[in-house]
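None of these values were measured; they are calculated from a predicted model. Remember, it's 1-based here, ligands and their atoms both numbered in the order they're listed.
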Amino acid sequence: MREPLRISDDVKDALGKGEPVVALESTIISHGMPYPQNVECARSVESAVAAIGARAATIAIVDGELVVGVTPDEMEKLADTSAIKASRRDLAAAVVNKLTGGTTVAATMLIAHRAGIRIFATGGIGGVHRGYENSLDVSADLEELARTPVAVVCAGIKSVLDLPRTLQYLETKGVAVLGYGVDNLPAFYARDSGLPLDYRVDSPADIAAMLVAQDSIGLCNGTLITNPIPAEHALPRETMDRLVDTAISQMEAAAITGKDATPFLLKRITELSGGESLAANMALVINNARLAAEVAVAYASRS
Ligand code: PSU
Ligand code: MN
């Protein structure tokens with residue numbers, strides 16, 4: 001069987017010439033935001049990357065093919081309710097059954113790596129869930145960061161997760177977590193979680209230098225670059241935490257677990273915040289895409 005990988009001509013051309021490319025995930029389209037904001041956001045993110053001089057490669061699974069650089073029609077298809085959420089363990093089944101779905105951070109990293117893309121932007125990653133002691137729910141995103149050499153730009157970690165345990169897990173797995181212009185881990189809607197990070201970086205060139213050093217010593221795990229939400233879009237931490245607590249209680253009451261947990265929480269938070277969280281989410285994804293594009297430009301000019 002040939003590898004079911006389809007790279008768009010545009011992205012293939014850039015990769016062939018060693019030009020900057022930024023991978024983008026698609027579970028945010030299929031399960032992270034409501035329609036039509038999900039498609040609008042995905043398009044704005046692609047434009048933001050292009051404006052900086054990098055090529056955007058939105059990754060998804062379409063009719064069983066791993067697609068790197070989806071078309072506008074395919075983006076609409078991903079917004080359909082029949083689209084699955086595909087993480088690493090779902091990929092083979094999706095290929096065999098010719099399914100269409102959004103790829104999580106884990107699956108997007110793995111496909112990006114197969115295509116030869118080093119930098120990837122998203123909103124937030126999965127992590128160690130609260131109540132992990134009972135559920136053992138740790139996102140496959142963390143394992144992927146441990147095993148696949150792709151740098152992921154995110155706005156930190158949402159308080160639906162256990163932030164200290166997520167950082168500990170990454171440390172154990174050998175994943176460096178960088179703070180862009182900050183000393184503490186950003187908390188998605190809020191700029192500061194209060195949890196200190198070991199590595200602060202202040203420019204895209206500094207980040208690219210870390211990636212080049214990582215390559216030079218043969219470290220084949222990922223890197224997490226955390227970029228705080230722009231101050232004008234940040235939401236008060238206490239309000240959001242309260243809202244997240246409510247969403248988690250409702251999830252527990254409805255006995256929702258496993259792969260449905262994250263999509264349920266994202267949807268409830270959007271509803272409970274009356275759409276305020278959605279605007280913040282869109283702003284931070286675009287902000288991350290810009291930084292990823294700047295890092296990709298710096299990385300492409302490495303010597
Ligand atoms: N966290 C967010 N927004 C998201 C996700 C996580 O703040 O959209 C999505 C990402 O695609 C991530 C996935 O990879 O959820 C994690 O799902 P799980 O916890 O089932 O591994
Ligand atoms: Mn999970």
* Basic-acidic side-chain contact under 4.0 Å: R290, E46 -> no
* Where ligand 1 meets F188 - atom numbers and elements under 4.0 angstrom, heavy-atom basis -> 7 (O)
* Do L219 and P149 come close enough that some side-chain heavy atom pair is under 4.5 Å? -> no
* To do: Check K85 against ligand 1 and report side chain, backbone, both or neither, counting heavy atoms closer than 4.0 Å.
  => side chain
* To do: Provide, to 0.1 Å, the distance between atom 10 (C) of ligand 1 and the closest protein heavy atom, together with that atom's residue and name.
  => E25 OE2, 3.5 Å
* Give the residue, atom name and distance (to 0.1 Å) of the protein heavy atom nearest atom 7 (O) of ligand 1. => K158 NZ, 2.9 Å
* By atom name, which N, O or S atom belonging to D137 lies closest to the Mn ion (ligand 2)? -> OD1
* Based purely on interatomic distance, does V105 place a nitrogen or oxygen under 3.5 Å from a nitrogen or oxygen of ligand 1? -> yes
* Pick whichever of C154, S139, G124, G123 has a heavy atom sitting closest to atom 5 (C) of ligand 1. => G124
* To do: Identify whether the distance between the nearest side-chain nitrogen and carboxylate oxygen of R55 and D13 falls below 4.0 Å.
  => yes
* **Side-chain ion pair, K173 and E144, N-O less than 4.0 Å** => no
* Asked: Hey, looking at atom 16 (C) of ligand 1, which of D141, V160, I28 has the closest heavy atom?
  -> D141
* Asked: Just by distance, with hydrogens left out, do T104 and T27 show a side-chain donor and acceptor under 3.5 Å apart?
  -> no
* **Close approach of M33 to ligand 1, heavy atoms, under 4.0 angstrom** => no
* Can you find a side-chain donor-acceptor pair between N287 and Y180 that sits under 3.5 Å? -> no
* Which ligand 1 atoms does T104 reach within 4.0 Å, using its non-hydrogen atoms? -> 11 (O), 14 (O)
* To do: Taking atom CG of D9 as the centre, report whether more than 12 heavy atoms of other residues, nucleotides or ligands fall under 6.0 Å from it.
  => no
* Asked: Looking at atom 8 (O) of ligand 1, what's its closest protein heavy atom, distance included?
  -> L266 CD1, 3.6 Å
* H129: numbered ligand 1 atoms lying under 4.0 Å from its heavy atoms -> 19 (O)
* May I ask you to decide whether R130 forms a salt bridge with D245, counting only side-chain N to carboxylate O separations under 4.0 Å? => yes
* Will you find, in the side chains of Y35 and E40, an N or O donor that is under 3.5 Å from an N or O acceptor? -> no
* To do: Could you name the option among V138, N281, T262 that has the heavy atom nearest to atom 19 (O) of ligand 1?
  => T262
